[in-house]
Visitor: 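Encoded as structure tokens, here's the structure I'll be asking about.
Sequence lines set the chain letters: A, B, ... in the order given, protein chains first and strands last, and positions in each chain run from 1. Since the structure is predicted, the reported quantities are computational estimates derived from the model, not experimental observations.
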Number of protein chains: 2
Amino acid sequence: MNVDISLASGRTAGRPREFDIDEALDKAITVFSERGYHGTSIADLRDAMGLTAGSLYKAFKDKHAIFLASFDRYKQVRNMLLDEELAKAENGRDGVYRMLAFYAEGAHGDGGRRGCLAVGTAVELAIFDDEAARRVERSMDRFETTFEALIRRGQEDGSVNRSVEPNATARLLLSVVQGLRVLGKTSPNREQTFSVVDVAMTLLD
Amino acid sequence: MNVDISLASGRTAGRPREFDIDEALDKAITVFSERGYHGTSIADLRDAMGLTAGSLYKAFKDKHAIFLASFDRYKQVRNMLLDEELAKAENGRDGVYRMLAFYAEGAHGDGGRRGCLAVGTAVELAIFDDEAARRVERSMDRFETTFEALIRRGQEDGSVNRSVEPNATARLLLSVVQGLRVLGKTSPNREQTFSVVDVAMTLLD
DNA sequence: CCTATTTGGAAACGATCATTTCCGAATAGG
DNA sequence: CCTATTCGGAAATGATCGTTTCCAAATAGG
């Protein structure tokens, strides 16, 4: 029994995995977003990910672990895209708009119907699944903090009214964004979605 | 085979039902709100409703029918409570505030953790369940319309600024309310919830 | 009082669930 | 080249799912 942990080299002994974990998780994200955790069976995941159940259970401990890995992957990708978008912001107000528009873009059309994995997890799992709840909370906190920082930045660069209360307004914007995800499940109309963004922006005047 | 439909009298032949349907549905609403549709088993419903599976299937066609009946009951009760609250409104602006406060009250604390059945249904079932989706859409439309009517009324009685765009603002308020329900699953803090309401009200100035 | 009908309740149903087991194939290290 | 290890894949596992069946009990109408 050789308990030697192979450092440096990415590979250890044994037959190499024939699929890419992140690519597989991207498929899982779609399924979990559409059907939810309890609505998704291992057979659904197997089909969508193009794997056998056996391979799934060699890569992940159980269904719950697949879900958490999917959630983490989802957040990682979305946060990266958002950061890229925010890097383009000219000032605080523009940053708030870019952030609202980023989510509005995801909340309408087919993506809106598919839904947001974070919102789905909050609604379906937050009460009974502590690990899921912690992840959702961290995700929400991050958004709220980002909104608040952009508002403060805007107040310094003159693009946001000084009388705006940064924390409460950030939390309202967070609510709006989550709400758009809910509305996007049944009425994912593009211009209605963006009209909400426009009204929200008037809070910064 | 007597196909005589007993009119007038509420009762037909056979052993009478020993439980009240609405009381049973109120228990089912709690379970479905907490666990979602797919996360709720017939055994869960049987235990919560204090019935046997056999009795459930005599009162309802199947699990889906229990869910839809629960949803309808939920909306009926909530709408009644909201109407009572709105009847007290002194003017348009006050009506908007009462409506926002009504939902904020449900979105925090234990009720917030439990969740809103309409939001849960939108997120979990809207894509693949047409009957559920239709109900959610009707519910959302009703809220939006009510918000819009209150805004217009406020513009007539002078309590809401004329420059406010009624439809877009109503939709934003709807988004805020649904978003509060999502946030209430993980951070159901009372004052944070109501601070969002206060900020939203400034849109009417 | 008799018949038809519906309920309550327990037990049983097949289907599907998440998960494991088993075996041949493919790799790394010695 | 040999051994240990991991993978892919199919088949099997026990548990739980939603639903039905069956029988005694309780009502209405004739």
Side-chain angles (χ1 to χ4, degrees), chain A residues 1-21 23-24 27-28 31-32 35-70 124-125 128-129 131-132, chain B residues 1-25 27-28 31-32 35-70 124-125 128-129 131-132:
Chain A
M1 191 189 295
N2 201 338
V3 203
D4 197 6
I5 301 287
S6 77
L7 4 120
S9 160
R11 278 266 297 290
T12 158
R15 179 171 171 174
R17 181 167 289 134
E18 294 179 5
F19 63 95
D20 182 81
I21 286 245
E23 282 179 28
K27 311 288 184 64
V31 181
F32 279 128
R35 318 184 84 93
Y37 179 74
H38 294 294
T40 299
S41 69
I42 299 291
D44 290 333
L45 292 170
R46 159 171 60 75
D47 295 345
M49 300 164 91
L51 304 172
T52 67
S55 295
L56 267 177
Y57 278 89
K58 262 141 199 166
F60 303 98
K61 178 177 167 289
D62 53 20
K63 181 186 173 186
H64 192 247
I66 304 176
F67 181 81
L68 293 181
S70 299
E124 192 188 2
L125 297 181
F128 297 121
D129 184 337
E131 291 180 291
Chain B
M1 191 190 297
N2 201 340
V3 204
D4 196 5
I5 300 287
S6 78
L7 2 119
S9 160
R11 279 266 297 290
T12 157
R15 178 171 171 174
R17 181 167 290 135
E18 294 179 3
F19 64 95
D20 182 81
I21 287 246
D22 282 338
E23 281 180 27
L25 284 179
K27 311 288 185 66
V31 181
F32 279 130
R35 319 185 84 94
Y37 179 74
H38 294 295
T40 299
S41 69
I42 299 293
D44 290 332
L45 292 170
R46 159 172 59 75
D47 294 346
M49 299 165 90
L51 304 172
T52 67
S55 294
L56 268 176
Y57 278 89
K58 261 141 198 167
F60 303 98
K61 180 175 165 288
D62 53 20
K63 180 185 173 185
H64 193 246
I66 304 176
F67 180 81
L68 293 182
S70 299
E124 192 187 2
L125 296 181
F128 297 121
D129 183 337
E131 290 179 292

Visitor: Check the distance between C/dT19's C1' and A/Leu45's CG and give it to me in whole angstrom.
Guide: 13 Å
Visitor: Within this structure, what is the CZ-to-C1' distance between B/Phe60 and D/dT20, rounded to whole angstrom?
Guide: 18 Å
Visitor: So, the side chain of A/Glu124 versus the backbone of B/Arg35: is there a donor-acceptor pair under 3.5 Å, distance only?
Guide: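 Side chain of A/Glu124 to backbone of B/Arg35: no pair is present.
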Visitor: Find out whether B/Met49 and B/Val31 are in side-chain contact, i.e. whether some heavy atom of one side chain is under 4.5 Å from a heavy atom of the other.
Guide: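 Not touching, per the 4.5 Å side-chain cut-off.
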Visitor: Are A/Ile42 and A/Tyr57 packed together at the side-chain level, in the sense that at least one heavy-atom pair is separated by less than 4.5 angstrom?
Guide: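 Yes - at least one pair of side-chain heavy atoms lies under 4.5 Å apart.
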Visitor: Using heavy atoms and a sub-4.0 Å distance, could you list which residues of residues 35-44 of chain B are near DNA chain C? By number, please.
Guide: none
Visitor: Starting at CD of B/Glu18, measure out to OG of B/Ser55 and round the result to the nearest 0.5 Å.
Guide: 8.0 Å
Visitor: A/Asp20 has an atom CG; how far is it from atom C1' of D/dC7, in whole Å?
Guide: 16 Å
Visitor: Walk along nucleotides 8-13 of chain D from 5' to 3' and tag each nucleotide B, S or - by protein heavy-atom contact under 4.0 Å, base first, then sugar-phosphate.
Guide: BB----
Visitor: What distance separates A/Leu125 CG from A/His38 NE2, expressed to the nearest 0.5 Å?
Guide: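 With rounding to 0.5 Å, CG (A/Leu125) is 5.5 Å from NE2 (A/His38).
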Visitor: Kindly write out the residues that satisfy side-chain hydrogen bond (donor to acceptor under 3.5 Å, both in side chains) with B/Thr40, not counting sequence neighbours, or none if the list is empty.
Guide: none
Visitor: Would you call the rings of B/Tyr37 and B/Phe67 parallel, tilted or perpendicular if under 30° counts as parallel and over 60° as perpendicular?
Guide: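 Perpendicular: the ring planes of B/Tyr37 and B/Phe67 meet at over 60°.
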Visitor: Whole angstrom is fine here: how far is it from CZ in B/Arg46 over to P in C/dA11?
Guide: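 Distance check: B/Arg46 CZ to C/dA11 P gives 12 Å.
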Visitor: How many Å lie between OH on B/Tyr57 and P on D/dG18, as a whole number?
Guide: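 Rounding to the nearest Å, OH of B/Tyr57 and P of D/dG18 are 7 Å apart.
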Visitor: Output the distance between atom CG (B/Leu45) and atom CG (B/Leu51), rounded to the nearest 0.5 Å.
Guide: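 Rounded to the nearest 0.5 Å, the CG-CG separation comes to 9.5 Å.
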Visitor: In whole Å, what is the span from the NZ atom of A/Lys63 to the P atom of C/dT20?
Guide: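 My rounded result for the distance is 15 Å.
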